[in-house]
Amino acid sequence: MKSDSIVSLDHGSGGLASQNLITGLFLRYLRSPQLHDLEDCAMLGEYAGRIAFSTDSYVVDPLFFPGGDIGKLAVHGTINDLAMRGARPIALSLALIIEEGFAMADLERVIASVARCSEEAGVAVVTGDTKVVPRGKVDKLFINTTGIGIASHRHDISGKKAAPGDAVILSGTLADHGITIMGSQSGIAIDGDIASDTQPLHRLVGALLEEDAGAVHVLRDPTRGGLATTLCEIARSSGVAITIEEERLPIRPAVNTACEMIGLDPLYLANEGKMILLCDRDSAEDLLQLIRRMPEGRNAALIGWVGERGEGRVSLTTRIGGSRLLEPLTGQALPRIC
């Protein structure tokens, strides 16, 4: 393989090869003025509101999969973490840890995806960093993204804010990302054209807050650990009981079939483009219809209710009328899903 077709240790040295990588690849796709200044930090200007700050790392395997790639996950995941506190994302950082010998074509594909997704979301990458480590010290490529957003002083959205009587709304189908990664890792072909659900949710959240910010109590994205684990976290943080109904859960038939064949529970599989909304009961139907009108929420469903304050338990009412206690995920259902 030609030396210029792979990433070498020299590309992480800070010298000429590093500069050529930055100017010849990264800046060709990532076009924010702050990034092109090549300063040690980006200056973001002045904003009214509270600063929201989030960071996340991505080690998904494989790097490319139906519906997305590691770059797409990194952009959307950090944007969504900010949005779940009601913040408007304004800037991202991008840090790469690359294995020596990684194909330059694959790196370009990832950076092109990052650029495309950040541009579509309207949230620029304004600063970054690149490190290259010897072969075997990292598996191909790991990414860290950090996001900064601005939240209104009027919004107080938190996992601690669930209240008795709240409706529980899920913005779309469950387990699409988790089952996609499982199929890609194992080589199992899954019928039904299933792909990762990765997408940014900040515009959907913005529409909800503009419609009725006071009715929105909790927003969470059920990524690792899935719906069940995320609801358990909310229930324990707020000190409430939550009940969801199996009959109401939106799950694609192909995903449900695949889970049954393999022995996985879709309630515990990762999602990368869905959110849980807990809101006032009286506003639930209006907010549900608003979500369904947005492209990010066409398959949204009201799936349950918040009960009285207590021990912070989550239960599932089954299709036959039974009750199943849901606990947080133990162990690792699938490795390296994001």
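Reckoned from all heavy atoms, side chains included, excluding hydrogens, waters and symmetry mates.
- Ion pairing between a basic and an acidic side chain is recognised when a charged N comes within 4.0 Å of a carboxylate O; E296 and K274 show no such pairing.
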Check: residues 85-98 side-chain donor-acceptor pairs under 3.5 Å, at least two apart:
unit_1	atom_1	unit_2	atom_2	d
R85	NE	I157	O	2.7
R85	NH2	I157	O	3.4
S93	OG	T146	N	3.2

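- E211 has no carboxylate O lying under 4.0 Å from a charged side-chain N of R293, or vice versa, which leaves the two without a salt bridge.
- Residue L16 belongs to no hydrophobic cluster, having no ILVMFWY side-chain heavy atom closer than 4.5 Å to its own.
- Applying the side chain to side chain contact (heavy atoms under 4.5 Å, CB included) rule to A215 yields the partners D212, D280, S283, L287; only residues at least two apart in sequence or on another chain are considered.
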Kindly indicate, with the supporting measurements, whether the criterion side chain to side chain contact (heavy atoms under 4.5 Å, CB included) is fulfilled by I70 and F142. CA-CA 8 Å; I70 190 172; F142 294 167; 5.6 Å; no
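- The two residues A83 and L219 make their nearest non-hydrogen contact at O-CD1, 3.9 Å.
- Taking both residues in full, the closest heavy atoms of P134 and L9 are given as N-CD2, 3.7 Å, listed atom of the first, atom of the second, then distance.
- Of the charged side-chain nitrogens involved, none lies within less than 4.0 Å of a carboxylate oxygen, so that R220 and D81 do not count as a salt-bridged pair.
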Please set out all donor-acceptor pairs under 3.5 angstrom arising from side-chain atoms of residues 46-54, sequence neighbours excluded.
unit_1	atom_1	unit_2	atom_2	d
Y47	OH	L44	O	3.3
R50	NH2	S152	O	2.9
R50	NH2	H155	O	2.4

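- Smallest separation of non-hydrogen atoms from L326 and A228: CD1-CB, 4.2 Å.
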Which pairs would a plain distance check flag for residues 165-172, meaning a side-chain donor or acceptor within less than 3.5 Å of a matching protein atom at least two apart in sequence or in another chain?
unit_1	atom_1	unit_2	atom_2	d
D166	OD1	H217	ND1	3.1
D166	OD2	A163	N	3.0
D166	OD2	H217	ND1	2.7
S171	OG	M275	N	2.9

Residue pair H11, S18: steps toward the side-chain hydrogen bond (donor to acceptor under 3.5 Å, both in side chains) verdict: CA-CA 4 Å; H11 286 114; S18 296; over 6 Å; no
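- Qualifying salt bridge (Lys or Arg N to Asp or Glu O under 4.0 Å) partners for D139, counting only residues two or more places apart in sequence or in other chains: R336.
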